[in-house]
Amino acid sequence: MPAFAWSAADWPTTEAEAIAEQERLRPLVQPHGPAPSTRPGAATGAHAATGGGPAPDDRLIAGVDVAYDEERDLVVAAAVVLDLDTLAVVEQTTAVDRVAFPYVPGLLAFRELPAVLGALGRLTRTPGAVVCDGYGLAHPRRLGLASHLGVLTGLRTIGVAKTPFTFDHHEPDAPRGSWSPLTDPATGEEVGRALRTRPGVKPVFVSVGHRIGLSEAVDTTLALARRYRLPETTRHADSLCRRTLAELQRGTPAN
DNA sequence: GCGACAG
DNA sequence: ATCTTGTCGC
């Protein structure tokens with residue numbers, strides 16, 4: 001899945017520019033996405049969905065995550081592709097980059113996506129969907145990390161966050177699979193779901209990224225989180241980017 | 001102005 | 001996210 005077409009030169013530098021970019025991309029998010037045969041390309045180009053690589057394989061699902069070394073201004077991203085049936089790792093890649101943006105609630109995508117796009121671009125296979133560590137439509141301007149990545153790549157994306165952010169929810173019932181609405185206190189609308197992936201354990205927060213519905217996003221999350229609270233995709237991506245950052249630091253001791 | 005705030 | 005000790009449990 002060759003590198004995606006995006007120029008670092010156009011990446012927002014200020015919060016105002018970043019917010020303007022989110023408003024520009026927001027209308028490009030697709031709820032369920034057209035049938036494969038009529039599916040338009042991503043916002044940046046006709047064949048952006050695969051970056052010019054192989055067609056998406058719905059039997060595969062990817063997970064992405066990043067780790068930081070704030071002191072050296074470094075960010076390491078990891079992309080791990082799993083077989084949706086066996087949850088076996090099919091392929092994994094990493095990418096190192098300079099931190100391109102500070103952490104600002106609501107603008108997380110500008111901090112993490114450059115490196116994530118780099119890792120995804122190194123994959124040989126094209127997954128049918130990508131699970132992100134964060135939110136999708138559940139966002140102040142309805143363009144969280146997951147939705148943003150989806151619009152940029154054309155790939156189907158899902159957002160699975162570990163905390164409620166600024167949203168409201170009631171505790172889901174104890175059984176695995178139970179869920180309750182995640183609502184935006186500002187508008188009252190349902191922006192996602194608090195989902196119990198493990199009996200009696202703190203829920204995860206699922207929201208739609210791009211080209212998928214909330215129910216399917218929830219089903220996919222449950223399929224990926226059987227033994228642990230978090231999806232296997234994010235667990236693998238998390239350990240890989242941390243491991244990579246650690247050995248990178250080991251080779252470049254403190255200055 | 002103050003508090004809250006994905007990762 | 002990262003920092004950071006010990007502790008309970010499979």
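Note that the coordinates shown come from a computational prediction; the quantities given were computed from them, not determined experimentally. Throughout, a chain's letter reflects where its sequence line sits, starting with A, and its residues are numbered from 1.
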Chemist: Going by side-chain contact (heavy atoms from CB on, under 4.5 Å), A:Ile19 matches just one of A:Thr14, A:Leu107, A:Val104. Which one?
Modeler: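 Exactly one pass, corresponding to A:Leu107.
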Chemist: Take the protein atom NZ of A:Lys202 and the nucleotide atom P of B:dA6, then report the distance between them rounded to whole Å.
Modeler: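 Going from A:Lys202 (NZ) to B:dA6 (P), I get 11 Å.
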Chemist: Closest heavy-atom contact between A:Gly63 and A:Thr233?
Modeler: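 Reported closest heavy-atom pair: CA-CB, 3.6 Å.
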Chemist: Would you indicate what A:Gly159 reaches in the nucleic acid, counting non-hydrogen atoms under 4.0 angstrom: base, sugar-phosphate, or nothing?
Modeler: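 The residue A:Gly159 makes no contact with any strand.
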Chemist: Between A:Glu232 and A:Arg235, does any side-chain N to carboxylate O distance fall below 4.0 Å?
Modeler: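 Here A:Glu232 pairs with A:Arg235 in a salt bridge, since their nearest N and O are under 4.0 Å apart.
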Chemist: Would you call the rings of A:Phe205 and A:His169 parallel, tilted or perpendicular, where under 30° means parallel and over 60° means perpendicular?
Modeler: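 Correct class here is perpendicular.
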Chemist: Using whole Å, report how far CG of A:Leu145 lies from C1' of B:dA6.
Modeler: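 Nearest whole value for this atom pair: 8 Å.
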Chemist: Indicate, with a heavy-atom threshold strictly under 4.0 Å, whether A:Ala138 touches base, sugar-phosphate, or nothing.
Modeler: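 If one applies the 4.0 Å heavy-atom cut-off, A:Ala138 turns out to touch nothing in the nucleic acid.
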Chemist: Rounded to whole angstroms, how far apart are CZ on A:Arg235 and P on B:dG7?
Modeler: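 Result: 16 Å.
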Chemist: Within the structure shown, what part of the strands sits under 4.0 Å from A:Tyr103 by heavy-atom distance: base, sugar-phosphate, or nothing?
Modeler: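 Base contact - A:Tyr103 has a heavy atom under 4.0 Å of at least one base atom.
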Chemist: In whole angstroms, how far is the C1' atom of B:dA4 from the CG atom of A:Asp184?
Modeler: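 These atoms are roughly 14 Å apart.
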Chemist: Could you please name the option among C:dT2, B:dG7, B:dC5 that lies closest to any side-chain atom of A:Pro105?
Modeler: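 When the side chain of A:Pro105 is considered, B:dC5 is the closest of C:dT2, B:dG7, B:dC5.
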Chemist: Has A:Phe205 got its ring stacked on B:dA6, by the test of a centre gap below 5.5 Å and a plane angle below 30°?
Modeler: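 A:Phe205 ring does not meet the centre or angle cut-off for B:dA6; no stack.
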Chemist: Whole angstroms only, please: what is the CZ-C1' distance between A:Arg198 and C:dG9?
Modeler: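 After rounding, the reported distance stands at 13 Å.
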Chemist: Which whole-number value in Å describes the distance from A:Glu112 CD to C:dA1 P?
Modeler: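 In whole Å, C:dA1 P lies 9 Å from A:Glu112 CD.
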Chemist: For a quick check of understanding: with a heavy-atom distance under 4.0 Å over all strands, which category does A:Leu182 fall into, base, sugar-phosphate or nothing?
Modeler: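 Here A:Leu182 touches no strand at all.
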Chemist: Specify the separation, in whole Å, of atom CD of A:Glu71 and atom C1' of C:dA1.
Modeler: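 That distance rounds to 14 Å.
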Chemist: Look at A:Arg142 together with A:Glu189 and state whether they make a salt bridge at an N to O cut-off of under 4.0 Å.
Modeler: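 So A:Arg142 pairs with A:Glu189 through a salt bridge.
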Chemist: Contact class for A:Arg242 (heavy atom, under 4.0 Å): base, sugar-phosphate, or nothing?
Modeler: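 Result for A:Arg242 = sugar-phosphate.
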Chemist: Atom CZ of A:Phe165 to atom P of B:dG7: distance rounded to whole Å?
Modeler: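 Value for this atom pair: 9 Å.
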